[in-house]
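First comes the structure, then the notes that go with it.
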Amino acid sequence: MLTPSLKDINRLLENNFKDYMHKDNLKFIGYSEVSVDDQDVHHYEHQTYILKDQLYNIISVHDISKNQYSDWMLGYPDFKLKLNRRINNFMEKIKYSRSSLFVRCEANYNEVEHLQVLLSEIANYPFTILVVNTKEDINSIRELEWGLKNVVCIEIPVHKTEYFYDNVIIKRTNPNDWDCLLNGISID
């Protein structure tokens, strides 16, 4: 999923995913060259439908295979089942994991402050929000002090800028910077 605005993610959480990726809200905007199956395995030989949820401004990129379905609407029921399963799993993890890390690329202070409040209302245990904002005029990773509890904000150098469907800008970063950022973090 591409989520250009944290504001929309916050609204999605506020609404408890109501009408998220509902068929009536989806608009076909193109094709991707990669599909992802139920086990999150990437298949680079399959095109997928790129669909935009116009209610929440979120784009599904790798979920419905064009090779498997001649029309995205034919694959929608399977997609929606998978999505609902993932939403339920996500909500369970937020509520019951002893510790959670939420990583968000590109967000501003007010959006993150709002996310922190929303997650505090859902989570039963401690969590950390890692905000990774790209910056064009820096050469190395640097931490910003936002003064928000359980929030770490990092600026990371831009390696390359690309343009995606529907005027979404994707700023690519160096994978080595991500290795440095996530060094020592593990999943239990």
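Note that this is a predicted model, so its numbers are computed, not measured. The analysis underlying the following values was restricted to heavy atoms, covering all of them including side chains, and did not include hydrogens, waters or symmetry mates.
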Under the side chain to side chain contact (heavy atoms under 4.5 Å, CB included) rule, what do E111 and S5 come out as? Steps first, then yes or no, please. CA-CA 9 Å; E111 294 168 337; S5 169; 4.0 Å; yes
If I take atom CG from residue N25 and atom CG from residue D19, how far apart are they, to the nearest 0.5 angstrom? 6.0 Å
Given the rule that I, L, V, M, F, W and Y join up when any side-chain heavy atoms are under 4.5 Å apart, are Y96 and I122 in one cluster? no
Looking at side-chain heavy atoms only, is the closest gap between L6 and N10 below 4.5 Å? yes
I'd like to know whether D63 forms a side chain to side chain contact (heavy atoms under 4.5 Å, CB included) with L51, so could you lay out the CA-CA distance, the side-chain angles of the two residues, the decisive distance to 0.1 Å, and finally the verdict. CA-CA 9 Å; D63 293 296; L51 304 170; over 6 Å; no
Quick one: closest heavy-atom pair of W72 and I64, and the distance? O-CD1, 3.8 Å
Are L83 and F17 side-chain neighbours, meaning at least one heavy-atom pair lies under 4.5 Å? no
Between N67 and Q47, what is the shortest heavy-atom contact and its length? OD1-N, 3.4 Å
When rounded to the nearest 0.5 angstrom, what is the spacing between CD1 in I185 and CG in L101? 5.0 Å
Donor-acceptor pair, distance only, cut-off 3.5 Å: does the side chain of N88 make one with the backbone of N84? yes
Got a second to check how far F127's CZ is from L119's CG, nearest 0.5 Å? 5.0 Å
Can M91 be reached from Y20 by stepping across I, L, V, M, F, W or Y side chains whose heavy atoms are under 4.5 Å apart? yes
Shortest non-hydrogen contact between N133 and E106, atoms and distance: OD1-CA, 2.9 Å
With under 30° as parallel and over 60° as perpendicular, where do the rings of Y31 and Y49 fit, or are they tilted in between? tilted
To check you understand the geometry: which heavy-atom pair defines the closest contact between M21 and D53, and what is its length? N-OD2, 2.5 Å
Can you find a heavy atom in the side chain of R85 that is under 4.5 Å from one in the side chain of K82? yes
Using modelled atom types only, decide if a donor and an acceptor are shared between the side chain of D8 and the backbone of I58 within a distance under 3.5 Å. no
Can you tell if the side chain of D137 reaches within under 4.5 Å of the side chain of K135, non-hydrogen atoms only? yes
Starting at NZ of K66, measure out to OG1 of T48 and round the result to the nearest 0.5 Å. 10.5 Å
Report yes if some heavy atom in the side chain of L115 is under 4.5 Å from a heavy atom in the side chain of L13; otherwise report no. yes
Please report the closest heavy-atom contact between I138 and S140, naming both atoms and the distance. CD1-O, 3.4 Å
Output yes when a side-chain donor or acceptor of S97 lies under 3.5 Å from a complementary backbone atom of S100, and no otherwise. no
Is the NZ atom of K80 crowded by more than 12 outside heavy atoms at less than 6.0 Å? yes
At what distance, to the nearest 0.5 angstrom, does CG of L12 lie from CD1 of I87? 7.0 Å
Is there a path of hydrophobic side-chain contacts, each under 4.5 Å between heavy atoms, that joins L130 and V158? no
Got a donor-acceptor contact below 3.5 angstrom from the Q116 side chain to the K149 backbone? yes
Do V117 and V151 share a hydrophobic cluster (ILVMFWY, side-chain heavy atoms under 4.5 Å, transitive)? no
Quick one: does H159's side chain get under 4.5 Å of D177's, heavy atoms only? no
Does N139 CG have over 12 foreign heavy atoms under 6.0 Å away? no
Could you check whether any side-chain heavy atom of T3 comes within less than 4.5 Å of a side-chain heavy atom of R104, counting everything from C-beta outward? yes
Starting at CD1 of I59, measure out to NZ of K52 and round the result to the nearest 0.5 Å. 6.0 Å
With a 4.0 Å cut-off, would you call R142 and E155 a salt bridge? yes
W178 side chain near I156 side chain, heavy-atom distance below 4.5 Å: yes
Evaluate the criterion side chain to side chain contact (heavy atoms under 4.5 Å, CB included) for residue pair L148 and Y109; output intermediate values, then yes/no. CA-CA 9 Å; L148 293 172; Y109 180 93; 3.3 Å; yes
Nearest atoms (heavy-atom pairs only) where L55 meets R11: O-NH2, 2.7 Å
Side-chain heavy atoms under 4.5 angstrom apart, residues restricted to Ile, Leu, Val, Met, Phe, Trp, Tyr: same cluster for V152 and L182? yes
